[in-house]
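Let me begin by presenting the structure, written as structure tokens, before commenting on it.
Letters A, B, ... are given to chains in the order of the sequence lines, protein chains preceding strands, and every chain is numbered from 1. Only a predicted model underlies this, so the values are computations on that prediction, with no experimental measurement involved.
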2 protein chains.
Amino acid sequence: MATGREIAQLCGVSVATVSRVFNQPGTVNEETRERVLRVAKELDYRPNESARALSTKQSTMIGLVWDTDHRRPGWRHPYLQDLLIGLKSALSAHGYHLLMLATSGDAREVGASLADPVGYVNMTRRHHLGGLVLIDSGSDAKAFETFAQSGVPCVALDVAVEGPRATYVTSDNEGGAWSAVRHLLSLGHSRIATITGPVGNQPSRARVSGYRRALREAGVASRDDYVVSGDFYRASGTAAMHRLLALDEPPTAVFAASDEMAVGALLAARAAGLQVPRDLALVGFDDIEVASVVEPALTTVSQDKPGFGVAAAKAIMAMITGAEKEGPLVLPTTLVVRGSCGG
Amino acid sequence: MATGREIAQLCGVSVATVSRVFNQPGTVNEETRERVLRVAKELDYRPNESARALSTKQSTMIGLVWDTDHRRPGWRHPYLQDLLIGLKSALSAHGYHLLMLATSGDAREVGASLADPVGYVNMTRRHHLGGLVLIDSGSDAKAFETFAQSGVPCVALDVAVEGPRATYVTSDNEGGAWSAVRHLLSLGHSRIATITGPVGNQPSRARVSGYRRALREAGVASRDDYVVSGDFYRASGTAAMHRLLALDEPPTAVFAASDEMAVGALLAARAAGLQVPRDLALVGFDDIEVASVVEPALTTVSQDKPGFGVAAAKAIMAMITGAEKEGPLVLPTTLVVRGSCGG
DNA sequence: CGTTTCACCGTAAGCGGTTACATAGACCCT
DNA sequence: AGGGTCTATGTAACCGCTTACGGTGAAACG
């Protein structure tokens with residue numbers, strides 16, 4: 001790798017001029033600029049990122065805090081890959097890279113996790129990261145506050161945090177749930193139950209709200225026994241479904257707050273001798289891949305998966321470059337009608 | 001963030017001593033060492049990574065080359081998430097982070113992709129990365145050679161590259177396929193077809209070999225019309241199945257080289273009025289999530305998904321720290337018997 | 001007791017950039 | 001002609017850390 005000094009020597013200028021050519025063009029004479037540029041291209045010059053970061057206190061990396069939760073080893077993000085694709089490509093449009101942070105390795109901070117976000121904030125400073133993208137690990141929402149307060153620009157996914165330099169992006173969970181339940185109502189159902197996500201989870205709560213609002217607007221009374229909680233995992237969907245089927249007046253339709261749980265519910269219904277959608281209508285949420293494979297294919301609420309990453313990248317870049325902070329971003333959802341509701 | 005100099009002043013020593021405490025303990029007096037350590041802990045000192053990297057020409061990051069192929073936007077890695085989990089946690093055990101490289105953003109290297117790995121190698125040097133992990137993008141296997149020749153320590157996943165500082169990790173694709181076909185043979189099938197992956201793909205070829213060997217060992221003649229090629233995607237599985245069913249003597253069992261294609265084949269068989277496994281036995285490969293959800297659940301060859309990441313991390317770390325290069329790592333596969341083969 | 005050895009530590013020179021400040025012409029003005 | 005601007009560039013300090021080199025004093029040696 002050629003250094004700035006080499007270029008300077010070959011061009012008969014000082015290193016300062018070389019640096020200026022790249023950082024403050026316009027302040028350097030047209031002719032010498034071209035000369036420097038030409039030599040730089042010949043030598044395939046690339047400024048050393050470590051040196052640049054050290055000097056400017058700004059690297060071209062943003063950190064990804066993705067806690068692969070030890071307490072819940074089976075936890076899989078519903079669409080991590082699409083999210084990463086969106087995030088990566090949007091960031092690279094700005095010349096930024098994504099650094100997947102891991103604190104656990106450093107002996108001095110063993111045990112650091114989302115429960116101790118300080119480690120991540122330290123990493124941010126050590127590497128001069130431009131900011132942090134926080135992926136909801138499903139638990140520790142309170143830990144996110146620490147990030148928000150740290151002064152580090154950060155954008156959380158699916159967790160509502162606010163701070164001077166913190167914002168978040170989430171789907172329109174309330175609206176998505178609403179449209180799902182609307183769909184069920186429009187098909188003539190009135191005994192509509194829901195299987196919720198974890199109680200502490202914000203998207204989960206929003207989905208319950210949407211469920212409730214749709215019912216209320218339709219003049220259908222809410223029944224507490226029709227709201228049974230799960231944890232987004234498939235098994236909890238199965239368990240919840242069993243509980244619902246054991247009711248005196250079982251629901252004729254179920255809105256599950258995740259596709260995984262919907263699949264679980266589907267299996268439970270099938271095991272109970274019910275046929276979907278004839279005996280039970282089912283709607284999920286997420287539009288993960290299995291949704292389209294299962295039989296019958298799942299009607300579900302689809303999120304803009306790559307859009308998540310893109311929005312996060314945009315929000316981060318806005319905080320880094322501009323002084324203006326973006327407000328929370330809420331991505332629209334769309335109802336994907338497949339076979340699991342009949343009609 | 002406290003700097004080394006501050007610590008030095010508070011301790012009444014020079015910055016060199018502070019540095020030595022962390023990098024060459026043993027060369028510094030017990031008492032002063034403890035003093036430095038204590039002050040460092042009080043100030044929550046963390047060495048600046050940029051400065052350290054600049055000085056040592058070694059960062060604590062390794063790069064991830066994951067080309068989200070533009071030509072095949074729908075391509076999804078069969079188990080990216082598990083792979084990342086394994087990779088990340090194994091790397092962090094060594095204090096390393098994962099940098100997701102993106103060259104496309106840099107205006108000077110627009111169009112850089114796997115077809116032009118030079119951009120990635122440059123990134124490696126600019127950031128003083130310890131090495132590169134290459135995820136098979138499904139195409140450009142030849143581009144991997146460039147990486148291998150670059151002198152940068154790198155480990156490829158599922159692509160056999162060799163070089164002075166390059167190695168790879170892959171599953172025992174041949175053996176996995178062999179065991180899948182063995183399973184079908186043991187159930188009494190003899191008309192066993194296979195739906196292969198892309199012809200240029202190495203795991204795909206290995207799976208075909210395993211298929212052929214199992215047949216040969218059982219004394220069953222190979223039939224060319226029983227080997228139909230797909231591209232790992234679901235649709236190609238459907239298309240391939242249609243072709244197989246149109247044969248004069250259709251197979252009674254099919255080994256698909258990917259679960260996605262197996263699902264596609266399943267749909268095609270179902271559409272043709274066949275019942276699986278009664279009329280057709282089906283085995284897949286990968287053991288992705290849908291495999292267990294589909295009806296009947298798919299018998300498939302399971303890969304050690306997190307093990308992939310762990311092995312890659314181990315290989316990279318071995319190249320960075322030791323002089324010794326690891327040989328190629330071949331991870332064992334296991335046959336997961338579910339419902340799609342009957343028996 | 002003079003000299004070597006050794007453990008310990010400070011000095012200073014990098015690493016490769018960025019940038020405040022100084023300088024040197026060129027140009028324009030009165 | 002002298003003074004003021006403006007442009008283009010060089011000088012040098014600095015970012016924070018690592019490390020080769022040299023120096024110091026005490027212990028060990030002859």
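- Annotated stems with DNA chain C as a participant read C:1-30 with D:1-30, given as range with range, by first number; only runs of 3 or more Watson-Crick or G-U pairs under 3.5 Å qualify.
- Among the candidates Arg126(A), Arg125(A), Lys57(A), His128(A), the single residue satisfying the side-chain hydrogen bond (donor to acceptor under 3.5 Å, both in side chains) test with Asn48(B) is His128(A).
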For nucleotides 21-27 of chain C, print each protein N/O atom paired with a nucleotide N/O atom at under 3.5 Å, atom names and distance only.
none

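- Here the closest heavy-atom approach between residue Leu132(A) and residue Ile316(A) is recorded as O-CD1, 3.4 Å.
- Nucleotide dT18(D) holds its C1' atom 13 Å from the CD atom of Glu49(B), rounded to whole Å.
- Partners of His77(B) according to the ring pair (Phe, Tyr, Trp, His ring centres under 6.0 Å) rule, which considers only residues two or more places apart in sequence or in another chain, are Tyr79(B).
- At whole-Å resolution of the value, CD in Gln9(B) and P in dC17(D) are 12 Å apart.
- For Gln58(A) and dG16(C), the CD to C1' distance is 18 Å, given to the nearest whole Å.
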Donor-acceptor pairs under 3.5 angstrom involving side-chain atoms of residues 1-12 of chain A: please list them, not counting sequence neighbours.
from    : atom 1 : to      : atom 2 : distance (Å)
Thr3(A) : OG1    : Arg5(A) : N      : 3.3
Thr3(A) : OG1    : Glu6(A) : N      : 3.4
Glu6(A) : OE2    : Thr3(A) : N      : 3.2

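- Among the nucleotides dG10(D), dT19(D), dT18(C), the one closest to the side chain of Ser19(A) is dT18(C).
- The pair Arg38(B)-Glu42(B) meets the salt-bridge criterion, since a charged nitrogen lies less than 4.0 angstrom from a carboxylate oxygen.
- Judged as a side chain to side chain contact (heavy atoms under 4.5 Å, CB included), and not counting sequence neighbours, the contacts of Gln58(A) are Thr56(A), Tyr96(A), Ile320(A).
- For Glu31(B), there are no side chain to side chain donor-acceptor pair (under 3.5 Å) partners at least two apart in sequence or on another chain.
- DNA chain C is contacted by Gly26(B), Val28(B), Asn29(B), Thr32(B) of residues 23-41 of chain B, taking any non-hydrogen atom closer than 4.0 Å.
- Evaluation of the side chain to side chain contact (heavy atoms under 4.5 Å, CB included) rule for Thr32(B) yields Val28(B), Asn29(B), Arg35(B) as partners, not counting sequence neighbours.
- In this structure, Ile7(B) atom CD1 and dT18(D) atom P are separated by 11 Å, rounded to whole Å.
- Every side chain to side chain contact (heavy atoms under 4.5 Å, CB included) that Thr60(B) has, sequence neighbours left out, goes to His127(A), Glu49(B), His97(B).
- When all heavy atoms of Ala148(B) and Val161(B) are compared, the closest pair comes out as CB-CB, 4.3 Å.
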Tabulated below should be each protein N or O lying under 3.5 Å from an N or O of nucleotides 14-16 of chain D; please produce it.
from    : atom 1 : to       : atom 2 : distance (Å)
dC15(D) : O3'    : Lys57(A) : NZ     : 3.1
dG16(D) : OP1    : Lys57(A) : NZ     : 3.4

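- With sequence neighbours excluded, the residues forming a side chain to side chain contact (heavy atoms under 4.5 Å, CB included) with Ser150(B) are Val121(B), Val152(B), listed by chain and number.
- Heavy atoms of Val13(A) sit under 4.0 angstrom from primed sugar atoms or phosphate atoms, though from no base atom.
- Annotation: salt bridge (Lys or Arg N to Asp or Glu O under 4.0 Å) contacts involving residues 154-164 of chain B, sequence neighbours excluded, comprise Glu162(B)-Lys325(B).
- Across every non-hydrogen atom of Ser59(A) and Gly130(A), the tightest pair is OG-N, 4.5 Å.
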